[in-house]
Amino acid sequence: MNENIQIVEAGVDDAKTVGRLVHALLVELDPEHGETIDAVRLCRTAETLLADDAGVWGFIARTQGGQPVGVLMLNECAAIYAGGRFGEISELYVAPPERSTGAGAMLIDAAS
């Protein structure tokens with residue numbers, strides 16, 4: 001594990017950070033249209049989901065200096081074939097300069 005990266009569970013106060021990181025993910029996935037995605041709407045949606053007790057959790061990767069460099073969103077699902085409840089990762093993003101630091105693996109570990 002990287003001692004320079006810290007994983008924290010996202011709360012409603014982190015909604016803008018979560019929204020901005022998800023926006024960065026969408027821009028990277030679709031550079032031609034990603035910039036047209038409403039980042040403010042993403043932040044509002046993140047706030048709603050993080051404030052609601054509806055089986056959605058967020059985790060943020062931060063550098064020692066507090067800079068957010070990654071996000072993972074986890075949703076509670078359930079299926080009979082799976083034996084009950086389980087988590088599904090809906091968004092996972094690590095900023096390109098931090099991708100070799102282990103931040104992604106740390107986010108996944110935090111979600112498990």
Side-chain angles (χ1 to χ4, degrees):
M1 290 295 162
N2 185 337
E3 294 178 11
N4 295 320
I5 300 291
Q6 177 187 17
I7 307 300
V8 295
E9 187 169 347
V12 71
D13 293 339
D14 299 305
K16 286 183 182 177
T17 298
V18 169
R20 285 193 297 263
L21 288 164
V22 171
H23 185 260
L25 167 66
L26 297 174
V27 168
E28 186 172 332
L29 290 174
D30 187 2
E32 186 175 330
H33 299 101
E35 289 294 337
T36 64
I37 296 169
D38 185 353
V40 173
R41 182 182 60 81
L42 295 176
C43 292
R44 280 194 301 254
T45 301
E47 183 175 17
T48 299
L49 291 174
L50 292 169
D52 198 7
D53 189 25
V56 177
W57 297 269
F59 298 90
I60 300 171
R62 295 185 183 274
T63 63
Q64 277 187 335
Q67 179 70 27
V69 295
V71 66
L72 181 146
M73 294 303 294
L74 181 69
N75 303 280
E76 182 180 50
C77 299
I80 294 168
Y81 75 86
R85 300 186 189 285
F86 62 94
E88 177 181 74
I89 296 171
S90 57
E91 286 126 352
L92 174 59
Y93 174 77
V94 176
E98 302 298 325
R99 290 190 180 155
S100 63
T101 64
M106 293 172 70
L107 284 163
I108 292 169
D109 284 347
S112 58

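These figures come from a predicted structure and were not determined experimentally. Only heavy atoms go into these numbers, but all of them, side chains included; no hydrogens, no water, no symmetry mates.
Remark: Ala46 pairs with Ala15, Val18 by the side chain to side chain contact (heavy atoms under 4.5 Å, CB included) rule, at least two apart or across chains. Under the side chain to side chain donor-acceptor pair (under 3.5 Å) criterion, Ser90 pairs with Asn75, sequence neighbours left out. Every side chain to side chain contact (heavy atoms under 4.5 Å, CB included) that Ile7 has, sequence neighbours left out, goes to Ile5, Phe59, Ala61, Met106, Leu107, Ala110. By the side chain to side chain contact (heavy atoms under 4.5 Å, CB included) test, Ala24 pairs with Tyr93, sequence neighbours left out.
The CG atom of Asn2 lies 5.0 Å from the OG1 atom of Thr101; values are rounded to the nearest 0.5 Å. Distance check: Thr45 OG1 to Arg41 CZ gives 5.5 Å after rounding to the nearest 0.5 Å. The line from CG of Leu92 to CG of Leu25 is 8.0 Å long, rounded to the nearest 0.5 Å. A distance of 13.5 Å separates CG in Leu42 from NZ in Lys16, rounded to the nearest 0.5 Å. Note that CG of Leu21 is 11.5 Å distant from CG of Leu72, once rounded to the nearest 0.5 Å.
Residue Val27 is not grouped with residue Val71 when hydrophobic side chains (ILVMFWY) are merged at heavy-atom distances under 4.5 angstrom, including chains of intermediate members. A continuous path of ILVMFWY side-chain contacts below 4.5 Å connects Leu49 to Val8, so both sit in one hydrophobic cluster. Cluster annotation: Val22 and Trp57 are assigned to distinct hydrophobic clusters (Ile/Leu/Val/Met/Phe/Trp/Tyr, side-chain heavy-atom contacts under 4.5 Å, transitive). The hydrophobic cluster containing Leu29 also contains Ile37, counting ILVMFWY residues as joined when their side-chain heavy atoms lie under 4.5 angstrom apart, directly or transitively.
Here the closest heavy-atom approach between residue Asp14 and residue Ala10 is recorded as OD2-CA, 3.4 Å. Smallest separation of non-hydrogen atoms from Val94 and Ala103: CG1-CB, 4.1 Å. Annotation for Gly58 and Met73: closest pair CA-SD, 3.5 Å, computed over non-hydrogen atoms. Shown here for Gly11 and Leu50, the closest heavy-atom pair between the two residues is O-CD1, 3.5 Å.
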Please tabulate, one pair per line, all N/O donor-acceptor pairs under 3.5 Å involving side-chain atoms of residues 79-89, not counting sequence neighbours.
none

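Under the salt bridge (charged side-chain N to carboxylate O under 4.0 Å, His left out) criterion, the residue pairs touching residues 91-102 are Glu28-Arg99, with sequence neighbours excluded. The side chain to side chain donor-acceptor pair (under 3.5 Å) contacts involving residues 17-27 comprise nothing, where partners must be two or more places apart or lie in separate chains.
Not a single donor-acceptor pair under 3.5 Å links the side chain of Asn4 to the backbone N or O of Gln64.
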